Structure formats: C-alpha cells, structure tokens
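Taking it in order: structure first as structure tokens, then the write-up.
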There are 2 protein chains.
Amino acid sequence: MNISEKITFTDASPDDRSLAIREALRNAIIDRRLAPGTKLSESEVGSLFDVSRTVARAALQMLTFEGLVKTERNRGAFVSNPSPEEAKQIFASRRLIEPGIVAAAVERIMPAEIEQFRRQLDEEARYMNERGPAARRGEIKASGDFHLMLASVAGNVILQKFMDELVARSSLVIALYGRSGVSSCGHSEHSAILDALEKADGARAAALMVHHIDHIEADLDLQLKQGLGLRDALEMP
Amino acid sequence: MNISEKITFTDASPDDRSLAIREALRNAIIDRRLAPGTKLSESEVGSLFDVSRTVARAALQMLTFEGLVKTERNRGAFVSNPSPEEAKQIFASRRLIEPGIVAAAVERIMPAEIEQFRRQLDEEARYMNERGPAARRGEIKASGDFHLMLASVAGNVILQKFMDELVARSSLVIALYGRSGVSSCGHSEHSAILDALEKADGARAAALMVHHIDHIEADLDLQLKQGLGLRDALEMP
DNA sequence: TGCTTCCAGATTGCATACGATTTGACCAAA
DNA sequence: TTTGGTCAAATCGTATGCAATCTGGAAGCA
C-alpha cells in the first residue's frame, strides 16, 4: 500500500479517528493511489495508521456503506471494482439528482460563492494544462469537487451525502473505464454551468448539467471490458 | 426497550448478525415501537440480541449512516429526532428522485409485478379499514413498502438504497409531525400511480408521484413544533 | 505429470478487558 | 431553596485474545 498522506491525528481530529482514516482511504481511492481490487486488510490498515483493528474495521465498514469498498465475509475488504452495470446506474442516478441540485443552487447561491467557484475552476484549468499523473489525479479530484460544491450550495444535507457517494464512485468508474482519463471538455462545461448559475438561469443550468453527465458517461468504455473480475462473472447468471 | 420480535439467529441468517440486528431495529423504528429520542445503548442492544457490544455497535453504526440513529461521542446512540428542516430536505430529495424512479419503472415493469403491486395495495386497504395502533403501524409500513417496491422494479440498486433510507426517515418524520397519522388519501394515490404504470404512461405516473409526495408533506405540521429538543435548540445558531 | 487431500499460516468474526468520559446524585454552603 | 463541587456508577472508545474460516502449497496417489 502506498498512502503517503500520513495523518496527524492529534492535529485536525481530536476525536473519531476512524473517520479520519475513512477520509484518508477515500482520498486514496478516488485519487487512484489505491487501485480497484486492492486488498485492504484490517491489520494492515490498522498498523499503517497506528490504531487497532477495531477502529480500522470501523473505517472500512463506513467505506463499504458508501460502495467504495466491497467486503466478503471471512475474506476481507477490497477496493470496489464496479461493473459496467453499476457504472451505468451511478450515472443514471446522477442524471436524476444533479439537475435538481443545480436548480436548487440557483435559488440560493451568493456572490461570494460564485467567486469561490471561479477559483475552483481556475484550479481545474491549472491541472488541465499540466502533464503527468499527479496533475491528472488533481484534475479528477478538482472536477469532482466542483459537483460537490454545487451540492453544498444547494443546501440539502441529504442530497449532499448522496452526491458524496456518487462522485466518489464515479471517480472509481472513470479510473476503470475512462477512455481519455478525463473528458477534456469537462472544464468548459463546468464553466458554462457556472455562467448559467450566475445569470440565475436554472433551466439552462440544469440542461447543461444533464449534457455534462452524458458527456462524462460517453467518454467511458462500458462494453463488458475483458476483465469483469472472473469471480463476479461466475456470480452473474 | 420493547422489541418483541426476537430474532432466531441460526435460523434465517447464518452470517452477519449485525445485519439482522440492524434490520430488527430498523423495523422497530419505522414501526414507531421505538420512539424518536430513545436511547440505544450498546450493552442493552447487545444483551437483548445476545451478542457482544462489538456487533451491536456495528449495527448502530449502520443505522447512524442511514440517518435513523444519531450518535454523540461518548454519550451513545439515540433514535433520530429529525428537525423540521431535515424533514423538508427528506421530502425535497424524494420529490427529486421518485419521479425518475417511476419513469424507470414504467419501462421495466412486468405483468407479474403489476399483480404483486395489486396485492400490496389490497394489504394497504385492509390496514386502512382496521382500527387500532397496530393497524396504523401496518399501514405506514405497507405504504412505505409500495415506494420501495417501485424502486426495486426500477432496477437501479443505488437509487434503491437511497430510497430505503428516505422512506425509513420519512416514517420517522411522519411519526413526529404527522397531523392525521397517515394521509388517508395515500392509498387512492398509490392506486392511481399503479394505473398509470399499467398503462405505461410514464409522464402521468411521474406527475402523480410528485403530487403524492406533496400531499404527504402537506399533511405534516412542520412549524417549529414547540419541543425542538432544547439541546438541539442551542446547537442551532 | 496431473489430480486430490491435508495441513499450516494468515485473516477475519466476535467477545471481553481496561482506561476515558460523561452523568446524575449527594452533600455542603450561601 | 438554590447553587456549586465532588464522586461513584454507567457508558463509550479502543486494544487485544481466541476461535472459526479461508488460502496456498506440500505431500500423497493415480
């Protein structure tokens, strides 16, 4: 395992260390530092973060709930290896939820937040112009953060949680099935959405969002993709 | 605590007992046998189900993730006491998701499933005509099950999980803020939705669903409601 | 060689032990 | 009566130990 970002526990999180571990693993997964299928053994995670198996286990359980990790009884936890079917469902869910989110965001967004979005887009652009895997990771992360910021502005905590899950799982899917790594048109589309937001044009923003999701999904190669996991293949009648 | 429905572990669930406990507690909560605010101590839950705190804790953690239980550090777990604000967000989420679910269900529903829905509606009607708290509980449960069946037919596992959470939390909200207990018009509206489904009229089914959700929410009294919990009141700036 | 059997190592599932934190009661003082 | 302080009981957070299960490879047999 290769989790460089060691956590200083006493620092940011005086309590609930399992939550911090969950966050660290989450970041590692959506950053692709942990590849799908990687085994996450309780003792290994525990010793990496200097905690007992108990708390490592709690973190893994949380990730399992989010769908980022799959656990098999008596075998352990593995980074999820979403099937094409799963991928389609993830994007179907997003197509359903995100237009509503931008519509809500239009009603509530404040000038200061628009400014924040602009800065976010600048960061996206910076990563886009850089080369190398680190920049790619940064780009994926930043792109996801755009959607999460929207959810945050929309002001519905429940939808925000759903989006947290959907965006994270999308990152996994893109890592697995992405043709070009990141759809390069993503940035300009984000930009267009923000423009519509600024003009308080909810209908347009929602429509743009649907197209945006379509484009992301269109950049995937969801045709059975040789692998399929072999184990999953047999479980699928 | 008053959980009559003792589980026979070795029976239905050879594995993962925490999952069974979660299910039992879930049912107790959405059936209102466990009132909002009730403390769910780890040791108590554990001894009730004849398991150690470890597995009881896991069950409570799952329920916390679903929003049915709130845990405070070093204090324990309590049945959620959703605020009016939370309630509004729950229904806003449902208004966003459920129309899409019925639309998807229209595309995939099979005759056998329609038959199943009819039986479900019959059961709803039976409870509706009975009197007494047990019938009320049955009615709430059956009414929620209708929505869950729809999600199941829609065939999107992720949305199904979201709906699981939303329906369960809705039950809690109705228990807390429901004016008439159950909106009596619910049954006929379910019936109308099913008719539209049968005629494969997706647009109409979706529209009916939105109205249905509106009606459920309209039956709630979400005006601050005296209580507010005192503790929550201070945490809310 | 190829196939089956069996055992050792590793890992999880679960229970329990111990320290830390909170709570509520009791008692004293104003 | 009310306020404030101290302490014991209860409960949670976490580590660890043991049994059950799975895996992989070595040995045995055809």
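Lettering of chains follows the sequences in order, A, B, ..., and the numbering in each one begins at 1. Since this is a predicted model, take the numbers as computed values, not measurements.
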Spacing of A/Phe49 atom CZ relative to D/dT14 atom P, expressed in whole Å: 15 Å

Taking OP1 and OP2 of D/dG13, is either one under 4.0 Å from a side-chain nitrogen or oxygen of A/Arg17? no

Calculate the interatomic distance between A/Glu42 atom CD and D/dT14 atom C1'; express it in whole Å. 14 Å

Measure the distance from CG on A/Leu60 to C1' on C/dG13 and round it to the nearest whole Å. 14 Å

So does A/Arg75 get a side-chain nitrogen or oxygen closer than 4.0 Å to the phosphate oxygens (OP1/OP2) of C/dT11? no

Show the nearest heavy-atom pair for residues B/Phe65 and A/Lys161, with the distance to one decimal. O-NZ, 2.8 Å

Anything under 30° is parallel, anything over 60° is perpendicular, the rest tilted; go ahead and classify A/His212 against A/His147. parallel

Whole angstroms only, please: what is the CD-C1' distance between A/Glu44 and C/dA10? 13 Å

Nearest-Å distance, CD (B/Glu72) to P (C/dT21)? 17 Å

Atom-to-atom span, CD of A/Gln61 to P of D/dG13 - whole angstrom: 14 Å

Whole Å only: how far is the CZ atom of A/Phe78 from the P atom of C/dT11? 11 Å

Here the distance between atom P of D/dG13 and atom CD1 of A/Ile21, to the nearest Å, is 15 Å

Any donor-acceptor pair under 3.5 Å joining the side chain of A/Arg53 to the base of C/dG13? yes

Looking at B/Arg57, does any N or O in its side chain come under 4.0 Å of the phosphate oxygens OP1/OP2 on D/dC12? no

Would you kindly compare A/Ser52 and A/Asn74 by the position of their nearest DNA chain D nucleotide and give the one closer to the 5′ end? A/Ser52

Could you walk me through whether A/Ser170 and A/Arg94 pass the side chain to side chain donor-acceptor pair (under 3.5 Å) check? CA-CA 9 Å; A/Ser170 296; A/Arg94 293 186 62 167; 2.9 Å; yes

Before you tell me yes or no, could you show the steps for A/Glu85 and A/Gln89 under side chain to side chain donor-acceptor pair (under 3.5 Å), namely the whole-Å CA-CA distance, both residues' side-chain angles and the distance that decides it to 0.1 Å? CA-CA 6 Å; A/Glu85 175 60 22; A/Gln89 296 187 357; 3.0 Å; yes

If you go through the side-chain atoms of A/Thr54, does one of them form a donor-acceptor pair with the base of D/dT16 closer than 3.5 Å? yes

Looking at every heavy atom in both A/Ser93 and B/Leu159, which two are closest together, and how far apart are they? OG-CG, 3.5 Å

